[in-house]
Amino acid sequence: MNNKKFIILDGNSIAYRAFYALPLLNNASGLHTNAVYGFTTMLLKILEEQKPTHLLVAFDAGKVVFRHEDYQDYKAGRARTPGELSEQFPYIRELLDHFKIKHIEQEGYEADDIIGTLTLQADQEAIPTVIVTGDKDMLQLVSEYVQVALIRRGISEVEWYTPATIKEEYGLAPNQIIDLKGLMGDTSDNIPGVPGVGEKTALKLLHQFDSMERVLDSIDEVSGKRLKENLEKYRDDAVMSKELATIHRSVPIELPIDSLLYTGYESEEVGKIFEKFEFNSLMERVGQEATVEDKSLAEVDFTIVTEENWDDFETMLCDDCCLYVELDGTNVHRAELIGFGLEHDEKVVYIPYQTAKQWTGFQEWLQADNGKVVHDLKQAKVALAWHDLRIEGVALDIMLASYLINPSESKFDLQEVVKRASGQTILSDEEVYGKKAVKNKLDAEQVGAHVAKKVTLIRKSQQALSEQLQEADMSALFHDLEMPLASVLAEMEYTGINVDLQQLKGMGQQLEGQLSDLTNEIHQQAGQQFNINSPKQLGEILFDKLGLPVIKKTKTGYSTNADVLDKLQGQHEIIPQILHYRQLGKLYSTYIEGLIKEIHPQTGRLHTSYNQATTATGRLSSVEPNLQNIPIRLEEGRRIRQSFVPSEDSWVILSADYSQIELRVLAHIAGDENLVEAFLQGADIHTKTAMNVFGVLADDVTSDMRRQAKAVNFGIIYGISDYGLSQNLNITRKEAASFIERYFDVFQGVQEYMKDIVEKAKQDGYVTTLLNRRRYLPEITHRNFNIRSFAERTAMNTPIQGSAADIIKLAMVNMSRALTEKKLRSRMLLQVHDELVFEVPKEELEQMKQLVAETMEQAITLRVPLKVEVSWGDTWYDTK
DNA sequence: TCGGTCACG
DNA sequence: ACGTACGTGACCGAA
């Protein structure tokens, strides 16, 4: 019986991981703490989850490591440890001392070798042991008693390795990991390996021959001429690489595992060091109180307005008020109105809905043009509309202001917005009302107290937000675009779009039949019943039972997405059936059942909610239901649109979409001569691109060339990478790179733009759209290549996507005004990023076709014309 | 609650 | 040190 648990941490490796995964944190005295912080969170996780009885942290010694004696270039390729990291090592040791955790470094040896030596002891003494590291090489030490916890995805996760999981992932035993590395090398340590041998080839060889030595002894039997030559030629490198990769397990240290007994830390001691590093957020985890300032707002004095006393408050109904509308329920179209919070000159009242319904003075004030300040104007407008109330005259919506100031924030509910603007906090609705919204059941006193705080904080946030808008030069964008748009959207949402329920149900029945047939056939072909909707079960059928080749893996197992299944086409008759099943299943669950559930009981229509403060680029999004992703690309799905119909007889659906708006915006912003010229000529842009990229005349552009050119154009908009394009087109990276090169040869202005915008983002820390919408990109200077690259692509894409969003928003505001001015009965119903959908009485059709096209095309003047295509029909499906 | 998948621009 | 196109939301199964 052995109830010991020995954990050994690879100190350098964890610190490295933490350093590169986290932004450079500073404490008040300017000390960098990100590696220390990351190390600490990992340590706490280990202590809490694993409860080790014995514990040690091993570090590399700062001096020459013995491997250098064999191979001068060992680790030469690796960038020198940055000063910001090396200065943190002493602090990590100090931290460990406060935790009373032993740590060790041994002159001339790496942490690997110390760990190798100690785990050998653990093996011999049969002590269950875990190595915590970010270094895959350590997998060679795995055994019956020794597991590796490999740090993944930054530092947020660990993946556990036992002999069985290594077998599963690589088909190798732990000691073959060094053969693998000998053959394939490791660029990060500058271990050469054999040129042309990557992980795939190395694994194939090892599966066939078992060890690197056997591979080298049997080169004759290896398939592939080039491979044979390389193995022969770089034989010595392979041998040396394997030696370099081998962890030495006989470091001369006298350190019995029994001496590493860990009896835990003293909360107070650890608290002291956390205080030094300012790890406030971790205090509670070690049993110390976090010394955070109390920023919560004190109780606010308020009065509940009733029929008896409302005369006393008439004077508050004036020009300088903050207003908050309290709802019960999350869906605004089904929500109950609870009451109103009103603030003027530091006086606060709470007006229960019942009172508001009676108080005509208040209702008149609601509609008056008196410069109210609110949070979420659109929500207020829609909720009030459902209760036959109207609100007008709002000058400032603090939610929208906060969104413009930084659209990348994750939340814009009142609590978060006011916290950012004023620094003050109040309880969340959930904390006040409990999990389910049951505000009706709380008395007016309790609800009033909460609402009074909310409206008080709107006031406290107002000024800071206005100033920040001004400083960022976004006042015009705010007042002339986003604020009016909120009202336009409110009307669209409240209007809703009519659906033909019978039509939907009919399609549903048809789909049910097809799905059940498909299910039977798939089960038959699989030879057993299983849940086709479960990627896990499907993976087991396809790859374990039917033995199809594994194309891609996910974190949790086999990948079975459409890309993968496409590559398996032709290998088994089950594949096309599964693809078909997936397609129909999606239609049924999301677009038949899903939409039917959302039909409003009172109107029989679909009332979506647009989120005006969600996307980082300035686009809208649509929820409950999402009407911005109704199928169109495949005919079977497209028919869903047949159930989107006008709400009155002899009306039609009219749809207008911008043609190539993003590429036109790019042409304008980049000022690229060729691209501008192409649009001025009215050319088919994808054909034009194909001509340039493939160097052929218009008549010689094949449909396949056009398809590839189209993908290149998309790639350009997304911030192109050769890898991304190669994935999309299923071509090699080299081919993709050459497409891109030829594109940039022709469209040099575009290339210039891409370079400049990234440079500008680095300078300013943000990028902007045509209407000065801003998106911050702090990660554009990140040390981690991936994170930085992502920010660079975002810098290229956001001005394009965001400007297109600006333009259609502008068109919507103008269109709404035009409808009112011209007293038209037509209604704007939906926005789908580059498309507007209306319902139109036939008498207005001719006028509307003109008006919509003109309004959208003239929304803004660019170096290139904007083009709008208008179509109409009896259903949304027929607008093509 | 999270990850995989898939619908849209 | 190290994986990828940009921006979303809904549904399902598995934990």
Side-chain angles (χ1 to χ4, degrees), chain A residues 13 16-17 19-21 77-79 134-136 151 153-154 186-189 407 531-539 552 554-565 579 582-583 585-591 593-595 597-598 608-611 614-634 637-638 640 657-658 660-662 711-712 714-729 733 736 740 775 782-790 792-802 804-805 808 831-835:
Chain A
S13 165
Y16 257 93
R17 277 293 183 137
F19 180 74
Y20 283 107
R78 187 176 281 189
D135 185 351
K136 266 195 169 172
I151 302 168
R153 318 190 97 224
D186 180 345
T187 40
S188 72
D189 283 350
N531 186 343
I532 309 168
N533 284 321
S534 159
K536 186 165 175 273
Q537 294 181 35
L538 178 62
K552 200 166 73 171
T554 67
K555 266 201 303 218
T556 50
Y558 304 120
S559 171
T560 65
N561 68 25
D563 261 12
V564 169
L565 296 182
L579 282 165
R582 282 253 175 97
Q583 192 202 332
K586 179 86 177 179
L587 288 180
Y588 186 72
S589 69
T590 304
Y591 297 104
E593 289 198 304
L595 284 182
K597 266 190 286 195
E598 295 287 347
T608 185
S609 293
Y610 290 102
N611 205 326
T614 289
T615 72
T617 55
R619 274 192 177 181
L620 302 174
S621 79
S622 157
V623 294
E624 286 183 304
N626 181 353
L627 296 183
Q628 290 183 320
N629 70 347
I630 304 302
I632 189 168
R633 292 173 190 172
L634 299 171
R638 191 175 198 153
I640 296 282
D657 63 287
Y658 282 110
Q660 309 297 351
I661 187 168
E662 292 190 334
V712 172
F714 273 111
I716 293 292
I717 290 168
Y718 294 155
I720 201 153
S721 78
D722 50 10
Y723 180 85
L725 183 64
S726 74
Q727 288 294 301
N728 190 286
L729 282 178
R733 210 170 159 146
I740 295 167
R775 178 178 185 178
H782 203 281
R783 298 173 307 283
N784 181 307
F785 173 82
N786 287 321
I787 297 175
R788 187 174 64 249
S789 303
F790 187 53
E792 288 171 356
R793 292 197 295 274
T794 310
M796 302 183 223
N797 172 263
T798 294
I800 302 172
Q801 190 183 116
I808 194 166
Q831 188 251 40
V832 193
H833 308 307
D834 64 355
E835 175 189 12

Engineer: Does Glu662(A) offer a backbone N or O that forms a donor-acceptor pair with the side chain of Gln801(A) under 3.5 Å?
Structural biologist: no
Engineer: Of all the nucleotides listed (dA7(B), dG9(B), dG3(C)), which has the minimum atom distance to the side chain of Asp834(A)?
Structural biologist: dG9(B)
Engineer: For DNA chain C, what dot-bracket results from Watson-Crick or G-U pairs at under 3.5 Å, with [ ] for crossers and | for inter-strand partners?
Structural biologist: .....|||||||||.
Engineer: What string of B, S and - do you get for nucleotides 4-9 of chain C, 5' to 3', if B is base contact, S is sugar-phosphate-only contact and - is no contact with any protein heavy atom under 4.0 Å?
Structural biologist: BBBBSB
Engineer: Output yes when at least one side-chain N/O atom of Arg17(A) is less than 4.0 Å from OP1 or OP2 of dC2(C), else no.
Structural biologist: yes
Engineer: OP1 or OP2 of dG9(B) sitting under 4.0 Å from any side-chain N/O of Arg633(A)?
Structural biologist: yes
Engineer: Which whole-number value in Å describes the distance from Asn561(A) CG to dG3(B) C1'?
Structural biologist: 13 Å
Engineer: For Gln628(A) and dA10(C), is the shortest distance between a side-chain N/O and OP1 or OP2 below 4.0 Å?
Structural biologist: no
Engineer: Report yes if a side-chain nitrogen or oxygen of Thr560(A) is closer than 4.0 Å to either non-bridging phosphate oxygen (OP1 or OP2) of dT5(B); otherwise report no.
Structural biologist: yes
Engineer: Just so I know, are the side chains of Asn797(A) and Ile717(A) near enough to count as touching, which here means a heavy-atom distance under 4.5 Å?
Structural biologist: yes
Engineer: How would you label the contact of Ile630(A) with the nucleic acid (heavy atoms, under 4.0 Å): base, sugar-phosphate, or nothing?
Structural biologist: sugar-phosphate
Engineer: Could you check which of dG4(B), dG13(C), dT5(B) has an atom nearest any side-chain atom of Asn531(A)?
Structural biologist: dG13(C)
Engineer: On a whole-Å scale, what distance lies between the C1' atoms belonging to dT5(B) and dC2(C)?
Structural biologist: 25 Å
Engineer: Please examine the side chains of Arg638(A) and Arg633(A), heavy atoms only from C-beta on, and report whether any two atoms are closer than 4.5 Å.
Structural biologist: no
Engineer: Ignoring hydrogens and geometry, is there a side-chain-to-backbone donor-acceptor pair from Ser13(A) to Gly134(A) under 3.5 Å?
Structural biologist: yes
Engineer: What integer distance in Å separates Leu634(A):CG from dA7(B):P?
Structural biologist: 7 Å
Engineer: In this structure, which one of Thr590(A), Leu595(A), Val832(A) forms a side-chain contact (heavy atoms from CB on, under 4.5 Å) with Ile630(A)?
Structural biologist: Leu595(A)
Engineer: Any sub-3.5 Å donor-acceptor pair from Ser622(A)'s side-chain atoms to Tyr610(A)'s backbone N or O?
Structural biologist: no
Engineer: Using a strict threshold of under 4.0 Å (side-chain N to carboxylate O), is an ion pair present between Glu593(A) and Lys586(A)?
Structural biologist: no
Engineer: Starting at atom CD of Glu593(A), determine the distance to atom P of dA7(B), rounded to an integer number of angstrom.
Structural biologist: 17 Å
Engineer: Give me the distance, rounded to whole Å, that separates dC6(B) from dA1(C) when you measure between the P atoms they each carry.
Structural biologist: 34 Å
Engineer: Between Arg788(A) and His782(A) (side chain of the first, backbone of the second, donor and acceptor by atom type, cut-off under 3.5 Å), is there such a pair?
Structural biologist: yes
Engineer: Would you say Ser534(A) reaches dA14(C)'s phosphate, i.e. side-chain N/O to OP1/OP2 under 4.0 Å?
Structural biologist: yes
Engineer: Are Asn531(A) and Ser534(A) linked by a side-chain donor-acceptor pair shorter than 3.5 Å?
Structural biologist: no
